[in-house]
Amino acid sequence: LADSYLGRYTVLLIALMLQFLGSTFLAVVAVLESYVKNDQKYVIEFNVLVIAGLSLLGVGVAGAYGTVIPLGIDQYKSEEQSAAKNFFPLYYWFMNVGCLIANSVISTIQGNWHTIGYSIPPVFS
């Protein structure tokens with residue numbers, strides 16, 4: 001899709017917008033749920049918003065991860081092979097550090113302060 005029809009920049013932009021929308025849906029659900037804690041009449045609507053948010057987030061993340069690596073490596077010219085070889089280890093290292101922070105710090109915040117925790121990813125995406 002990125003190489004044949006739309007181009008990498010366009011696919012990356014669409015994927016990042018979908019990722020942002022998915023994160024925003026989850027943050028909205030967290031905020032709304034904190035206001036109507038024990039009201040059972042909104043359960044179906046919340047479940048639909050959560051499923052929609054997670055679906056948008058999944059498609060957005062998959063689209064972004066699939067286009068970032070080829071787009072990043074295309075920025076190097078053919079004579080810069082040594083710099084291009086450093087791109088993959090650095091990318092992998094930074095992705096792992098980001099996942100470590102997300103799985104430790106953000107998860108703890110989301111577990112303790114529900115509304116604030118789900119509002120962090122849309123702000124930084």
Side-chain angles (χ1 to χ4, degrees):
L1 185 66
D3 292 333
S4 302
Y5 298 106
L6 299 175
R8 290 186 184 144
Y9 292 109
T10 307
V11 170
L12 182 61
L13 182 64
I14 292 170
L16 291 176
M17 284 191 292
L18 290 175
Q19 184 178 356
F20 176 75
L21 282 174
S23 298
T24 305
F25 273 27
L26 293 177
V28 166
V29 168
V31 169
L32 291 177
E33 188 181 32
S34 68
Y35 286 117
V36 290
K37 280 226 182 231
N38 295 323
D39 197 357
Q40 294 298 318
K41 67 180 181 180
Y42 297 112
V43 171
I44 293 174
E45 288 85 357
F46 285 151
N47 287 340
V48 169
L49 281 175
V50 167
I51 290 170
L54 289 175
S55 299
L56 288 171
L57 190 63
V59 170
V61 168
Y65 283 0
T67 55
V68 164
I69 293 177
L71 188 65
I73 204 67
D74 283 347
Q75 304 306 308
Y76 294 102
K77 295 181 175 73
S78 60
E79 59 269 0
E80 298 173 336
Q81 290 294 326
S82 62
K85 288 180 183 177
N86 291 333
F87 174 76
F88 291 110
L90 287 173
Y91 176 81
Y92 183 72
W93 191 82
F94 281 112
M95 288 300 295
N96 284 330
V97 168
C99 289
L100 177 69
I101 291 170
N103 286 329
S104 58
V105 176
I106 304 297
S107 304
T108 304
I109 293 171
Q110 287 174 348
N112 294 329
W113 303 283
H114 196 67
T115 305
I116 296 170
Y118 283 101
S119 300
I120 293 173
V123 169
F124 289 102
S125 65

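Under the side chain to side chain contact (heavy atoms under 4.5 Å, CB included) criterion, V59 pairs with L18, sequence neighbours left out.
Of all the heavy atoms in L57 and S23, the pair that sits closest is CD1-OG, 3.4 Å. Heavy atoms only, all atoms of each residue included: P70 and T67 are closest at CD-O, 3.5 Å. Closest non-hydrogen pair, L26 versus L54, comes out as CD1-CD2, 3.8 Å. When every heavy atom of A15 is checked against every heavy atom of A64, the shortest pair comes out as CB-N, 3.4 Å. When all heavy atoms of L6 and T10 are compared, the pair lying nearest together is O-OG1, 3.2 Å. Here the closest heavy-atom approach between residue F87 and residue G72 is recorded as CZ-CA, 3.7 Å.
At a threshold of 4.5 Å between non-hydrogen side-chain atoms, the residues L100 and N96 do not count as touching. Using a 4.5 Å heavy-atom threshold, the side chains of V11 and Y5 count as separate.
Hydrophobic clustering (ILVMFWY, side-chain heavy atoms < 4.5 Å, transitive): L32 and V48 are in distinct clusters. I106 and F94 fall within the same hydrophobic cluster, defined by Ile, Leu, Val, Met, Phe, Trp and Tyr side-chain heavy atoms under 4.5 Å apart, directly or through other members. F46 is not connected to I51 by any chain of hydrophobic side-chain contacts under 4.5 Å among Ile, Leu, Val, Met, Phe, Trp and Tyr, and they are in different clusters. Cluster membership for V68 and Y92, using ILVMFWY side-chain heavy atoms within less than 4.5 angstrom, is not shared.
When the shell of 6.0 Å around CG of L90 is examined, it contains more than 12 heavy atoms from other residues, nucleotides or ligands. Applying the 6.0 Å contact sphere to OH of Y9 captures no more than 12 heavy atoms from other residues, nucleotides or ligands.
The CD atom of Q19 sits 14.0 Å away from the CD1 atom of I14 when rounded to the nearest 0.5 Å. Between the CZ atom of F88 and the CD1 atom of I73 there is a distance of 4.0 Å, given to the nearest 0.5 Å.
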